[in-house]
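Proteins get letters first, then strands, A, B, ... in listed order; numbering begins at 1 in each. These values consider heavy atoms only, across backbone and side chains, with no hydrogens, waters or symmetry-generated copies.
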Amino acid sequence: MSLLRGKTTMAVLASDFYERDTRQVAQELLGKLLVRRTREGVTAGRIVEAEAYLHERDSACHAARGRTPSNAAMFGPAGRAYVYPIHSQYCFNTVTEQRGRPCAVLIRAVEPLEGIALMQQRRGRTWLTELARGPARLCQAFAIDRQLDHWDLTRGRRLWIVDGIVDSAEWTIGNSARIGVTSAKYLPLRYYVVGSPYVSGPRQME
DNA sequence: CTACCGATTGACT
DNA sequence: GTCAATCGGTAGA
């Protein structure tokens, strides 16, 4: 508790933040603080990369082929977590919109700010850029697994997201196709902080 | 029940 | 740049 001076419980994002256009939420999540508290301690970091998955005309969205036991969180209230496994790893999403619209924002990368030793321990890596760059690495560093599927992110417990921590220093939001998807691969639904070394994926052109 | 596959990562050429 | 490991979820026989 040094850099953030106990601000990790202030200004927890409420459900009305998430109950909006998914692309808007994805862009506005950049710069917000992701906070995780376990018995081991607190880890927190600034979100620098996110992708939108839409309820319409988006075959890459897990909800595109209907509701299943595994993707049910996407159909639930906005402001919940949707955590799913892939290749023996996990990815973390925030559920958005609703009114019967299953969609979500995948958090792809975080700039570590607090609990760095804990992240290093969980990841088995030292370099800051290796701790939470990439959706599954992020889940390792923050100890996010399927137990947090459906978790309510608006209550400020265990796992939540905070506004107003990082000064509104100017940064540019980059936009590109999403990484790793094999369908709807040309939709420009990935957003990232241009120039951040904590962003995953191929080198950015500036 | 079996078969296929992926919103990944880490190691390697 | 390429590629294999790895396993839960899903569809299909």
Item to check | OP1 or OP2 of B:dA7 under 4.0 Å from side-chain N/O of A:His62 | outcome: yes

Here the distance between atom P of B:dT9 and atom CG of A:Leu131, to the nearest Å, is 13 Å

Taken to the nearest whole Å, CD/A:Glu130 to P/B:dT8 is 17 Å

query: In terms of hydrophobic clusters joined by side-chain contacts under 4.5 Å, are A:Leu138 and A:Leu148 together?
result: yes

| task | Give a yes or no on whether the ring-centroid distance for A:Phe92 and A:Tyr90 is below 6.0 angstrom. | result | no

Atom OH of A:Tyr90 and atom P of C:dG8 are separated, to the nearest Å, by 8 Å

A:His87 atom NE2 is separated from B:dA7 atom P, nearest whole Å, by 7 Å

In whole angstroms, the gap separating C1' of C:dG9 from CZ of A:Arg67 amounts to 16 Å

Practice prompt. For B:dT8, take OP1 and OP2 only and decide whether either is under 4.0 Å from a side-chain N or O of A:Arg108.
Written response: yes

Here the distance between atom C1' of B:dA7 and atom CG of A:Leu189, to the nearest Å, is 12 Å

Inset, instruction - Compare the aromatic ring of A:Tyr53 with the six-membered base ring of B:dA7 and state whether they stack according to the 5.5 Å and 30° rule. - result: yes

Can a donor-acceptor pair be found, under 3.5 Å and without considering hydrogens, that links the side chain of A:Asp58 to the backbone of A:Ala63?
no

Exercise. Between the side chain of A:Arg146 and the main-chain N/O of A:Val83, is any donor-acceptor distance below 3.5 Å?
Worked result: yes

Apply salt bridge (charged side-chain N to carboxylate O under 4.0 Å, His left out) to the pair A:Arg190 and A:Glu49, showing each step before the final yes or no. CA-CA 7 Å; A:Arg190 170 174 175 255; A:Glu49 182 184 1; 2.7 Å; yes

With the side chain defined as heavy atoms from C-beta on, A:Ile86 is closest, among B:dA11, C:dT10, B:dG6, to B:dG6

A:Gln89 atom CD is separated from B:dG10 atom C1', nearest whole Å, by 10 Å

Under a 3.5 Å distance rule, please check whether A:Gln120 uses its side chain to pair with a backbone N or O of A:Thr126 as donor and acceptor. yes

Between CG of A:Leu106 and P of B:dT8 the distance, given in whole Å, is 8 Å

Would the distance check show the side chain of A:Glu97 and the main-chain N or O of A:Thr22 forming a donor-acceptor pair, the cut-off being under 3.5 Å? yes

OP1 or OP2 of B:dT8 sitting under 4.0 Å from any side-chain N/O of A:Arg133? no

- Query: Within the structure shown, what part of the strands sits under 4.0 Å from A:Ala60 by heavy-atom distance: base, sugar-phosphate, or nothing?
  - Reply: base

**Asked** Would you say a side-chain N or O of A:Arg137 is under 4.0 Å from OP1 or OP2 of B:dG10?
**Response** yes

Symbol by symbol from the 5' end, with Watson-Crick or G-U pairs under 3.5 Å, [ ] crossing and | another strand, DNA chain B is ||||||.|||||.

Winner on side-chain proximity to A:Pro85, out of C:dT6, C:dG9, B:dG10, is C:dG9

